J.: 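Before we start, here is the structure in question, set down as C-alpha cells.
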2 protein chains.
Amino acid sequence: MEEHRHVTIYDIAKRLNLATSTISRALKDHHTISDKTIKKVKKTAEEMGFVPNTLAAGLRGNKSKTIGVLIPTITQPFLSSLISGIEITARKSGYSVIIMQSHDSYEEEVNMTKSLYSSRVSGVVCSLAMETKDTSHFQQFSNNNIPLVFVDRVPKDFNTFRVVIDNYTAGYKATKHLIDQGCKRIAHMTAGAEFGNLYNERKRGYIDALTDHGLPLKDELIINLKAMTYDAGVKACNKLFGLKTLPDGLFAPGDILAVSAVQTAKKKGIRVPQDFAVIGFNNDPISEIIEPNITTITHPAEKMGKAAANIVIDTIESHKEEEAKEITFLNTEVLIRESSKKI
Amino acid sequence: MEEHRHVTIYDIAKRLNLATSTISRALKDHHTISDKTIKKVKKTAEEMGFVPNTLAAGLRGNKSKTIGVLIPTITQPFLSSLISGIEITARKSGYSVIIMQSHDSYEEEVNMTKSLYSSRVSGVVCSLAMETKDTSHFQQFSNNNIPLVFVDRVPKDFNTFRVVIDNYTAGYKATKHLIDQGCKRIAHMTAGAEFGNLYNERKRGYIDALTDHGLPLKDELIINLKAMTYDAGVKACNKLFGLKTLPDGLFAPGDILAVSAVQTAKKKGIRVPQDFAVIGFNNDPISEIIEPNITTITHPAEKMGKAAANIVIDTIESHKEEEAKEITFLNTEVLIRESSKKI
DNA sequence: AAATAAATTGCAACCGATTGTGTAAAGAAA
DNA sequence: TTTCTTTACACAATCGGTTGCAATTTATTT
C-alpha cells in the first residue's frame, strides 16, 4: 500500500507560488483575497485532494469545533434521542460530537471531564451520573470559558445553562390526570434522595396534586426504588398489590416501570385501566406498543438535545464573556392512551 | 470571569528548570528519565493543574486517539448498543469516540467521511447507509492507513475488516426453528435488493431451510418491505392474513416487525403461537416485554461494537502496514420464547 | 586515574493551519 | 508626475506536545 501523504496548504502554496497564508484565507473567502485567487486556490485544492487538518486549526485557535457529550449511558431511548438531537444540530454548524458514557459512576464522570477538557472540546453537554453529588469537576470548563449545558439530570447549585422539563408540573399533571379519571388511591414510585432532583420534583408534584384535590397522602402507596428497572417495578407492584386496600392508580416516573406495572397487574387479574389506571413518563417507544397502550408524559428528548446544542454553539459564537446562564424549560404533555382511560 | 490560561508543559518546565522534552517524557514514564525526575514532574504537573492538550499531541503524531463511528442512526436499540460497545472498549485504551449519523443518506455519509478524515481520526467503524451502493468515499481511509471496520451492514466488494453475524445461517436457523415447531406455511418479510446484503442473506437462509425440509416456496408468503417499521409490518400482515390459506408462521427479520405481526394477529383473532408462530430478529428489549414474548435471533450488538473497536485499536497499535482484512463472524442464537412455542 | 559505558537531560525542528503586521503593486486624487 | 489609498499577498510567529540526536553528567571498568 502506497503511503499517501496528507495534502496540506503548503503543498497548494508551492504549486501555485503563493504563501500559505493566502491559501488559508482564500479557502475561507477572506475579503483581502481577490476572487481570481480564491477561485484558483479552491480549484487546485480540490484537484490535489486537500482536506483541512482540523487538529492543526484547533491547536492554533485552541478550540476544536467539537462538542463533548457526557451521559450515563446511550442505550436508553431518552438518552439516545437526546444525543441524536445534539448531533443533528451540531453537525449543521460544523461541529463534531464526542460521546462518553459515565455508566452512572462518579469516578468515571470525573475522568471523562478531564478527557474532554484535554481534547479541548468547544463545549459540553452533560446529564449527571446517578452517583454524582458534587460538581466541582465541571469547574474547569467554566473557568476556561467552555460553555457547559446540563440536561435533564442537572445540578441545583451550579451556575450553568440547564435544559430541563418542569418535573414538578409534569408530576402534578400526571397525578391530576389520574385524579380526573376518578382514582382515589394513587400509588407512586420514586427514587431515593438524589442529587439531580428530578424524581423528587415529580414526587412533589404528585403530593401537591393529591393535597390540592383533597386526597390523603399515604406512605404505603409511595415506593422507593433503587433502580428504575423492569424488575424493580415488578417487585414494587407486588408490594402494592399485597396491601389490604389496593391502589386504583399509579403514577410511574418512567415508562418501563409503567409497563412492569401493567403486566404485573394483568397477571394478578387486576384490570388496567378499570381497576388500576397507570400513567408512565417519557413516551418511550414501548409505551405505545404494549397493550394496553400506556398513557405517559412526553419528554422531548430530541428537542432537548437540539436546545442544548444550540445554547453551546450560540455561546461559543457570540464570544460573550459573561452570559446569563438561563434555565430552559421545555414543555411536556399528558399523552392520554388506554392505560389510564377510566372514563 | 478571569481568563485562566491553560497550563502547558512549558509552564512546568520553567518552574522546574527542565526542558520541555524532559517534561513530556517524564509524564509518560519514558525510560531515559530518572525516577526522581519523573516523580517531581508528575507532582508539579498535578499541583499546577496540568491537563495535556491532545490536539497538540495529535497534530505532531498525525493521529488523534479518536475513533470515528458512522452509522445510520443512534436511536435504534441495535445501533446504540453497538456504539456502547465501541465506546467502552475505546475508552479502555484511551480513545475517544466521535459519532455521526448518516440517517441512511448516501450524501451525508460521504460528507461525514470527509469530516472524519479531516479530524484525523485514528480509525473508523461504520455501518453503511441504506442508500449507499458505492463505497469509494471510504478509500481515503485505506489510502492513508486509517483502519476501517464495517459492522453489520457491510459492503461486499471492499477490502476491509468486517464484523458481522452470519445472516444466512441465522435465517436458516430461524426458519428451521419454525419448521421444527410444525409450521408448514412460513411467511417471511424482507427488504428490497440492498447493497449491504443482510436481508438477502436472511432470505437465502429462509429459502434453503424450506427447501431442505421439503416445504414449498410460495411467493405470496414473501413480502417485500420498503422500511422496517411497525406500520410497514402491520400492512404486510394484513396482506398475509388476507390470503385464502393463512400462513402458520412468520420469520420476521426484525423484532419490531415481529411485534407488529403478533399484535395484528391478536386483533384478527389469530392465536400466537398456536395458529401463527412468530420469530423475530435482534433481541430488542421490546421482544421480551411484549406478550407473548417473542422468540428471536440474538444479535450481539455490544459484542460486535467491542470486536470492531478492538480491531481498530489493535491495527493501529501493531503498526502493521499490510494486514489481512479478515471478516469476524459473531455467533447468533435462537432465543426461544412464547411466540413460537407450538410444542 | 584514565577511559569507556551508561544514564540523564537539553536543543531544536516538527506537525499544519491561523493571523497580526509589513510591504509591494495598482489605482485614485492632487 | 507625485502622493495617498486601496487592494492583494507575503512573512513569520504561534498553538503545545513529541522526538531524533547531541551534550552532559554519573557510573563502571581496567
Side-chain angles (χ1 to χ4, degrees), chain A residues 3-42 44-45 48-66 94 117-122 144-145 319, chain B residues 3-42 44-45 48-66 94 117-120 122 144 319:
Chain A
E3 265 291 326
H4 290 231
R5 199 172 195 68
H6 304 272
V7 179
T8 71
I9 55 170
Y10 289 85
D11 302 323
I12 303 177
K14 214 172 294 165
R15 176 95 87 94
L16 293 177
N17 250 330
L18 288 172
T20 60
S21 52
T22 305
I23 309 298
S24 171
R25 289 181 174 120
L27 288 172
K28 38 185 53 180
D29 297 306
H30 199 278
H31 67 279
T32 66
I33 308 294
S34 67
D35 285 349
K36 202 175 46 174
T37 306
I38 290 183
K39 212 165 287 177
K40 193 169 54 177
V41 169
K42 285 192 174 169
T44 309
M48 298 179 74
F50 170 75
V51 180
N53 183 328
T54 49
L55 290 181
L59 173 58
R60 172 61 215 249
N62 205 50
K63 32 92 192 168
S64 56
K65 277 246 168 191
T66 288
Y117 182 71
S118 189
S119 307
R120 296 299 185 271
V121 289
S122 312
N144 288 284
N145 235 32
H319 301 293
Chain B
E3 264 294 322
H4 290 231
R5 199 174 196 69
H6 303 273
V7 179
T8 71
I9 56 169
Y10 289 86
D11 301 324
I12 303 175
K14 214 172 294 166
R15 175 96 86 98
L16 294 177
N17 248 331
L18 287 172
T20 60
S21 53
T22 306
I23 309 298
S24 172
R25 290 180 174 118
L27 288 171
K28 39 185 51 178
D29 298 304
H30 198 277
H31 67 280
T32 65
I33 306 293
S34 66
D35 285 349
K36 201 176 46 172
T37 306
I38 290 182
K39 210 165 290 175
K40 194 169 52 174
V41 169
K42 286 192 174 171
T44 309
M48 298 179 73
F50 170 75
V51 179
N53 182 330
T54 48
L55 291 181
L59 175 58
R60 172 61 215 248
N62 206 48
K63 32 92 195 168
S64 56
K65 277 246 167 191
T66 289
Y117 181 72
S118 188
S119 308
R120 297 297 185 271
S122 313
N144 288 284
H319 301 292

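Owing to the predicted nature of the structure, the values given are computational and were not obtained by experimental measurement. Labels below follow one simple rule: chain letters A, B, ... track the order of the sequence lines, proteins then strands, and each chain is numbered from 1.
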J.: When you measure from the side-chain N and O atoms of A:Lys63 to the phosphate of D:dC15, is any distance below 4.0 Å, counting only OP1 and OP2?
T.: no

J.: If we ignore hydrogens and angles and just use 3.5 Å, is the side chain of B:Thr20 paired with the main-chain N or O of B:Tyr10 as donor and acceptor?
T.: no

J.: Measure CG/A:Asn53 against C1'/C:dC15 and give the value in whole Å, please.
T.: 8 Å

J.: Of all the heavy-atom pairs spanning A:Ser122 and A:Lys65, show the shortest one and how long it is.
T.: OG-N, 2.9 Å

J.: Say you draw a straight line from CD1 of B:Ile38 to NE2 of B:His30; how long is it, rounded to the nearest 0.5 Å?
T.: 9.5 Å

J.: Take the protein atom NZ of B:Lys40 and the nucleotide atom P of C:dT9, then report the distance between them rounded to whole Å.
T.: 7 Å

J.: Assuming nearest nucleotide by heavy-atom distance, tell me which of B:Ile23 and B:Arg60 is located more 5' along DNA chain C.
T.: B:Ile23

J.: Whole-Å distance between C:dT9 P and B:Lys39 NZ?
T.: 14 Å

J.: In terms of the nearest nucleotide of DNA chain D, which residue is placed more toward the 5' end: A:Gly61 or B:Ser24?
T.: A:Gly61

J.: If you look at every strand shown and take non-hydrogen atoms under 4.0 Å, does A:Thr8 touch a base, only sugar-phosphate, or nothing?
T.: sugar-phosphate

J.: Could you give me the CA-CA distance, side-chain angles and deciding distance for A:Val41 and A:Leu16, then say whether side chain to side chain contact (heavy atoms under 4.5 Å, CB included) is met?
T.: CA-CA 8 Å; A:Val41 169; A:Leu16 293 177; 4.0 Å; yes

J.: Less than 3.5 Å between a donor and an acceptor, one on the side chain of B:Arg25 and one on the base of C:dG10, is that the case here?
T.: yes

J.: So, the side chain of A:Thr66 versus the backbone of A:Val121: is there a donor-acceptor pair under 3.5 Å, distance only?
T.: no

J.: More 5' along DNA chain C: A:Thr54 or B:Asn17, using each one's nearest nucleotide?
T.: B:Asn17

J.: Closest approach to the side chain of A:Asn62, judged atom by atom: which nucleotide of C:dT8, C:dG10, D:dG16 is it?
T.: D:dG16

J.: Nearest-Å distance, NE2 (B:His6) to P (D:dG16)?
T.: 7 Å

J.: Round to the nearest Å and state the distance from A:Ile33 atom CD1 to D:dT6 atom C1'.
T.: 14 Å

J.: What integer distance in Å separates A:Leu59:CG from D:dT14:P?
T.: 13 Å

J.: Which whole-number value in Å describes the distance from B:Ile9 CD1 to C:dA12 C1'?
T.: 13 Å

J.: Looking at A:Ser21, does any N or O in its side chain come under 4.0 Å of the phosphate oxygens OP1/OP2 on D:dA10?
T.: no

J.: Which whole-number value in Å describes the distance from B:Leu18 CG to D:dT24 C1'?
T.: 14 Å

J.: Would you indicate, yes or no, if C:dA7 has its OP1 or OP2 atom less than 4.0 angstrom from a side-chain nitrogen or oxygen of B:Ser34?
T.: no

J.: Nearest to the side chain of B:Thr37, which nucleotide is it out of C:dT18, D:dG17, C:dT9?
T.: C:dT9

J.: From the set C:dT9, C:dA17, C:dG16, return the single nucleotide nearest to any side-chain atom of A:Ala57.
T.: C:dA17

